[in-house]
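All residue numbers in this chain count up from 1 along the given sequence. In each ligand, atom 1 is the first atom listed, and ligand 1 is the first ligand listed. The basis for the numbers below is simple: all heavy atoms, side chains too, and nothing from hydrogens, waters or symmetry mates.
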Amino acid sequence: MTAPAKISPATLAKLAKLGIRHRSDLLLHLPLRYEDETELVSIADAEPGETIQVQGVITHSEVLFKPRRTLVCRLQDNGEELYLRFLNFYPSQTKLLAVDRQIRAIGEVRMGYYGLEMVHPKCRAVGDETPLQTSLTPVYPASAGLSQATLKKLIANALEVLPVSDPLPEIFRNKLNLLGFLESIKLLHNPPAEIATSCLQDRTHPAWRRIKFDELLAQQLSMRVHHRERSARIAPAMKAKGHFTDKLLKILPFALTSAQQKVLGEISFDLAKPHPMQRLLLGDVGSGKTVVAALAALQVIENGYQVALMAPTEILAEQHYLKLSDWLSPLGIVPVWLSGSLKKKDKRIAAERIASGDTLLAIGTHALFQEQISFHKLGLAIVDEQHKFGVQQRLALHAKGKIPAHDASAPSSTLPLQGGGNILQEPHQLMMSATPIPRTLAMSYYADLDVSVIDELPPGRTPIITKLVSDARRDEVFDRVRSACMTGQQAYWVCPLIEESEVLQLQNAEETYQLLTETFPELRVGLVHGRMDSAEKVRVMGEFKAGLLQLLVATTVIEVGVDVPNASLMVIDHAERMGLAQLHQLRGRVGRGAAHSLCILLYQKPLSEVARTRLKVIFENTDGFVIAQQDLQLRGPGELLGARQSGVAMLRFADIDADEDLLIHARVVADELLRDYPDVARAYLRRWMADKHDYLHV
Ligand code: ADP
Ligand code: MG
């Protein structure tokens, strides 16, 4: 019997950095890649870019000091040579790589200054008869100071001493044709020689598929559990009374699309339940989410509860404030405005009206959820463009509206029959986003939310035409802008994105404004950018909306939500610098009225491969879902999810795009396990989710 290996505190600390806290975590610390030491390639056949093993004799070895201390050796095999270079090296390596030694080196071949070379290859001394390895060598994710050898030893030991069960009942294993769990991890840690390297490297081998399935299943389970916990929590039930909502529907100058009616039905149904709603409302830019939010707010207000509507930028929040004031004033509802830039006194007045319950609708930026603000009876929090907010802000919002369920001022009919003094009631949440979530993302990372989708645009829109124009033809674009504005249209000129510096961004926006004012003396030109005083921003936007300005020079502050239906031309300068989601959002600012709209993407050559792909995608597609899917492929889920996932371990093995079939199975199996095999579900969560518990409550 092997005994469990003793692990020193220093090693434990290093393991913890890799997320390994229990001995059993070692089993799931799977190789990042494999090295093939089962074959030798002669140096004559070595090609740059390939990772290979070569063998030869050291014919030269010296330490250079320029530009940095470097050990350079020449390895010769049948008259052909290859250089080995080391920047950080130990005396033991100098000794190992002495002239006349016979060496096996494995590494990636590159074309260096003197010819073919390997940088930091793995080397060992061999004799003429030293056998080759018979199986692939795993390479593990490691942290500083923890060697591959140590990891290998600890993992091998864990495999020997730990009892490893396969939690997945056989009936699922058979149905999905999955390999056993133990068999899979053993194979991945010690692949037998006869397995094709490629299916291990690209993770398509059945052993990988089994592990990826388990990972996805655990993720699905945790999302489901979280979802269920929610239905055990309490929120005020807001019955649809139709008192205000019917009135608003009568006042509106348009009828709701059937997609808007459908999502409104879903939201209204949730609000009437005594459990907190957490619903994500997805709809492409311009699909009409604001009016849906307004109607949801009214259902809550009808029940005497408060609503908070939060937007990520001041421009957007202000726009909502104006629009809702306009829509709701005939109903006698006057919203209160709150943003960070309000004067102290006005902020205090707004805070008082919110705290006393004097106002039932508060609209603003994230200032609404700062500590000083407390709501009297918050029933619904609406977050527009939720992808722009981080986890922290969502948490703050979550904590904000909790009130004791026996609060005397709460209508008693809304309380479920539950005793106990400290039951907290929490507000419903409606999150809105125009950044469509690709199907696989929605099924995995967002699976804890309910999702409603507006899948049609209001009628009467004419499709936007997109043109790609090289910077060399800038003058033609100027002519285009001039003639459009002279015939009564309005246009946006979006300044190039300068990510690395806000100062440069600002400078550039001001210069562009100068230039365009000079270019178009006959036009009224305005400027709006992120560093502007917010009252100023709002004033400029107001002038543009009222048609007083014909051309608006803007930074990407107009990316989210801005709604000026008469604007039908947009020029995006240096479009090659922008991401797909951003381009789609920006373009969505035009095409909101009946006029034919045009979006000109000005780009500067030479284009990088990615930039070229992005421009092609945005040129060929207008459907936000298709664009998001392409974006996912270009960037991977990590960046797409942004703040929501920061600090949270992503899927380690599965790739939601490539492994969509496994994800679909995992969803079905998760439901069946929770229903018929709760112990198995618990075993999965323990094995895979032990450290991610906090995330589950976000
Ligand atoms: P988004 O979903 O991008 O937030 P908005 O709510 O700003 O879209 O709506 C875009 C424009 O469409 C607004 O001017 C809005 O008043 C208008 N709109 C919304 N719903 C309809 C509808 N059913 N019919 C016609 N116009 C509509
Ligand atoms: Mg919007």
Side-chain angles (χ1 to χ4, degrees), residues 245 248-267 279-298 309-328 330 363-365 382-389 430-437 451-464 490 492 541-542 544-547 556-568 570 581-595 597 599 622-625 627-628:
T245 47
L248 177 59
L249 287 169
K250 281 212 191 80
I251 303 170
L252 285 177
F254 50 76
L256 295 188
T257 62
S258 55
Q260 284 170 320
Q261 283 169 10
K262 180 195 68 184
V263 300
L264 194 61
E266 291 163 355
I267 294 166
R279 192 169 275 279
L280 181 62
L281 174 57
L282 286 180
D284 211 342
V285 281
S287 61
K289 294 182 290 295
T290 318
V291 69
V292 173
L295 288 159
L298 287 178
L309 169 56
M310 169 165 88
T313 67
E314 196 127 346
I315 291 186
L316 183 54
E318 172 92 13
Q319 188 176 287
H320 284 329
Y321 173 70
L322 294 175
K323 186 155 232 170
L324 268 71
S325 301
D326 190 30
W327 281 341
L328 305 187
I363 301 178
T365 59
I382 304 175
V383 183
D384 196 13
E385 308 293 349
Q386 74 92 27
H387 58 284
K388 294 271 164 188
F389 290 99
L430 177 64
M431 291 150 272
M432 306 200 284
S433 180
T435 295
I437 297 169
V451 181
S452 293
V453 182
I454 305 185
D455 53 8
E456 72 179 306
L457 293 178
R461 305 266 168 90
T462 40
I464 305 167
Q490 285 174 284
Y492 294 102
M541 285 310 298
F544 188 59
K545 196 157 190 161
T556 52
V557 294
I558 59 154
E559 169 188 346
V560 284
V562 167
D563 183 36
V564 181
N566 190 48
S568 59
M570 169 171 286
Q582 197 161 35
L583 287 170
H584 178 64
Q585 289 279 337
L586 282 168
R587 183 172 58 181
R589 300 306 117 214
V590 292
R592 302 190 147 231
S597 289
C599 178
T622 49
D623 183 331
F625 283 83
I627 292 169

- prompt: Going by the atom numbers of ligand 1, which of them fall below 4.0 Å from some non-hydrogen atom of Ser287?
  reply: 2 (O), 8 (O)
query: Does Lys323 reach ligand 1, in the sense of a heavy atom lying below 4.0 Å from it?
result: yes
task: Decide whether the shortest distance between a heavy atom of Ala293 and an atom of ligand 1 is less than 4.0 Å.
output: no
task: Kindly confirm or rule out an N or O of Gly283 lying under 3.5 angstrom from an N or O of ligand 1.
output: no
message: Any nitrogen or oxygen of Gly288 lying under 3.5 Å from a nitrogen or oxygen in ligand 1? Just yes or no.
response: yes
message: Taking distance alone, with N or O pairs closer than 3.5 Å, would you say Pro458 contacts ligand 1?
response: no
message: Please list, in number order, the atoms of ligand 1 under 4.0 Å from a heavy atom of Val285.
response: 3 (O)
query: Which of these, Asp284, Thr290, Asp563, Leu282, has its nearest heavy atom closest to atom 4 (O) of ligand 1?
result: Thr290
query: Quick one: CZ on Phe625 to CG on Asp284, what's the gap to the nearest 0.5 Å?
result: 7.0 Å
- prompt: Looking at Ala255, which atoms of ligand 1 are within less than 4.0 Å of one of its heavy atoms?
  reply: 22 (C), 23 (N), 24 (N)
message: For Glu456, give me all partners under salt bridge (Lys or Arg N to Asp or Glu O under 4.0 Å), at least two apart in sequence or on another chain.
response: none
task: Work out which heavy atom in Gly286 is nearest to a heavy atom in Pro458; give both atom names and the distance.
output: O-CD, 3.3 Å
message: Can you tell me which portion of Leu256 lies within the under-4.0 Å heavy-atom range of ligand 1? Options are side chain, backbone, both, or neither.
response: backbone
field: Partners passing side chain to side chain donor-acceptor pair (under 3.5 Å) against Gln260 (at least two apart in sequence or in another chain)
entry: Thr257
task: Can you see which heavy atom on Ile454 is nearest to which on Ala259, and at what distance?
output: CG2-CB, 3.8 Å
query: So, does Lys262 use its side chain to make a donor-acceptor pair with the main chain of Val453 at under 3.5 Å?
result: yes
message: Within the structure provided, determine whether Asp563 and Thr290 are in side-chain contact (heavy-atom separation under 4.5 Å).
response: no
Atoms in ligand 1 flagged as close to Thr257, the criterion being non-hydrogen separation under 4.0 Å: 23 (N)
- prompt: Counting only N and O atoms by type, is there a donor-acceptor contact under 3.5 Å from the side chain of Lys323 to the main-chain atoms of Val291?
  reply: no
message: Regarding ligand 1, does Lys289 bring an N or O atom to under 3.5 Å of one of the ligand's N or O atoms?
response: yes
